[in-house]
Amino acid sequence: MPAGRPSKYKPEYAEQAYKLALLGATDKEMADFFGVSEQTLNAWKQQHPKFFESLSEGKIIADAKVAQRLYTRAIGYKVEEETYEDGVLKKTVVKEVVPDVTAAIFWLKNRQRDKWRDKHEIDATLNPGDLTPEQAEALLRGYFDGQK
């Protein structure tokens with residue numbers, strides 16, 4: 001017989017975890033919802049495969065939906081708006097929603113970090129022989145002048 005307190009885990013928690021993940025809940029928020037610590041929530045993930053699968057699936061679906069919506073905003077889209085009068089369709093108008101520059105930048109900075117990030121790293125390593133003696137002397141002089 002295992003020592004310690006009995007687990008608070010219930011099989012219906014798997015479905016609840018799935019729904020919470022779809023809503024974007026973090027592990028901390030889920031632990032609070034179930035009235036346990038994050039450590040306990042992590043133990044449940046290991047001890048109850050169905051719970052872990054439900055939670056993971058919910059997160060994947062939620063993230064995929066948000067990514068799809070972000071992509072749609074980044075490239076723009078068209079939407080039909082219908083106008084009714086007395087329950088009768090009067091007209092349909094197709095409106096174009098222009099691409100959202102912020103969404104496009106966000107998408108590219110995350111999907112192509114090396115090409116779109118704001119900060120670029122430059123390798124400025126000098127090897128012996130890269131500079132003439134005059135350049136090396138000027139560089140050192142500037143360095144030591146700045147130290148005063």
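Please read these numbers as outputs of a predicted model, since none were measured by experiment.
Residues in residues 65-97 take part in these ring pair (Phe, Tyr, Trp, His ring centres under 6.0 Å) pairs, two or more places apart or across chains: Y71-W107. Listed by first then second residue, pairs satisfying salt bridge (charged side-chain N to carboxylate O under 4.0 Å, His left out) with a partner in residues 28-43 read K28-D32, not counting sequence neighbours.
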Below 3.5 Å, can you tabulate the donor-acceptor pairs from side chains in residues 55-62 to any protein atom, sequence neighbours excluded?
unit_1 : atom_1 : unit_2 : atom_2 : d
S56    : OG     : F52    : O      : 3.0
K59    : NZ     : D27    : OD1    : 2.8

Let me check something: any side-chain donor-acceptor pairs from residues 89-99 under 3.5 Å, sequence neighbours excluded? List them with distances.
unit_1 : atom_1 : unit_2 : atom_2 : d
K95    : NZ     : E81    : OE1    : 3.2

Might you work through the side-chain contact (heavy atoms from CB on, under 4.5 Å) test for D100 and F106, ending with a clear yes or no? CA-CA 10 Å; D100 181 319; F106 185 80; over 6 Å; no
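Cluster annotation: I105 and L108 are assigned to distinct hydrophobic clusters (Ile/Leu/Val/Met/Phe/Trp/Tyr, side-chain heavy-atom contacts under 4.5 Å, transitive). Both F33 and V36 are members of a single hydrophobic cluster when ILVMFWY side chains are connected at heavy-atom separations under 4.5 Å.
With sequence neighbours excluded, no residue forms a side-chain hydrogen bond (donor to acceptor under 3.5 Å, both in side chains) with K8. Contacts of A104 classified as side-chain contact (heavy atoms from CB on, under 4.5 Å), with partners at least two apart in sequence or in another chain: A74. Not counting sequence neighbours, the partners of Y9 by the ring pair (Phe, Tyr, Trp, His ring centres under 6.0 Å) test are Y13, W44, H48, F51. Among residues two or more places apart in sequence or in another chain, the side-chain hydrogen bond (donor to acceptor under 3.5 Å, both in side chains) test is passed with Q112 by W116. Here T102 pairs with nothing under the side-chain hydrogen bond (donor to acceptor under 3.5 Å, both in side chains) rule; sequence neighbours left out. In this view, E53 satisfies the salt bridge (charged side-chain N to carboxylate O under 4.0 Å, His left out) rule with no residue, not counting sequence neighbours. In this view, Q68 and T72 satisfy the side-chain hydrogen bond (donor to acceptor under 3.5 Å, both in side chains) rule, not counting sequence neighbours. Applying the salt bridge (charged side-chain N to carboxylate O under 4.0 Å, His left out) criterion to K50, with sequence neighbours excluded, gives no partner residue.
The CD atom of E82 sits 6.5 Å away from atom CD of E80, with the distance rounded to the nearest 0.5 Å.
The environment of CD in Q46 is sparse: at most 12 heavy-atom neighbours from other residues, nucleotides or ligands sit within 6.0 Å.
With a 4.5 Å cut-off on side-chain heavy atoms, Q39 and N42 do not count as touching.
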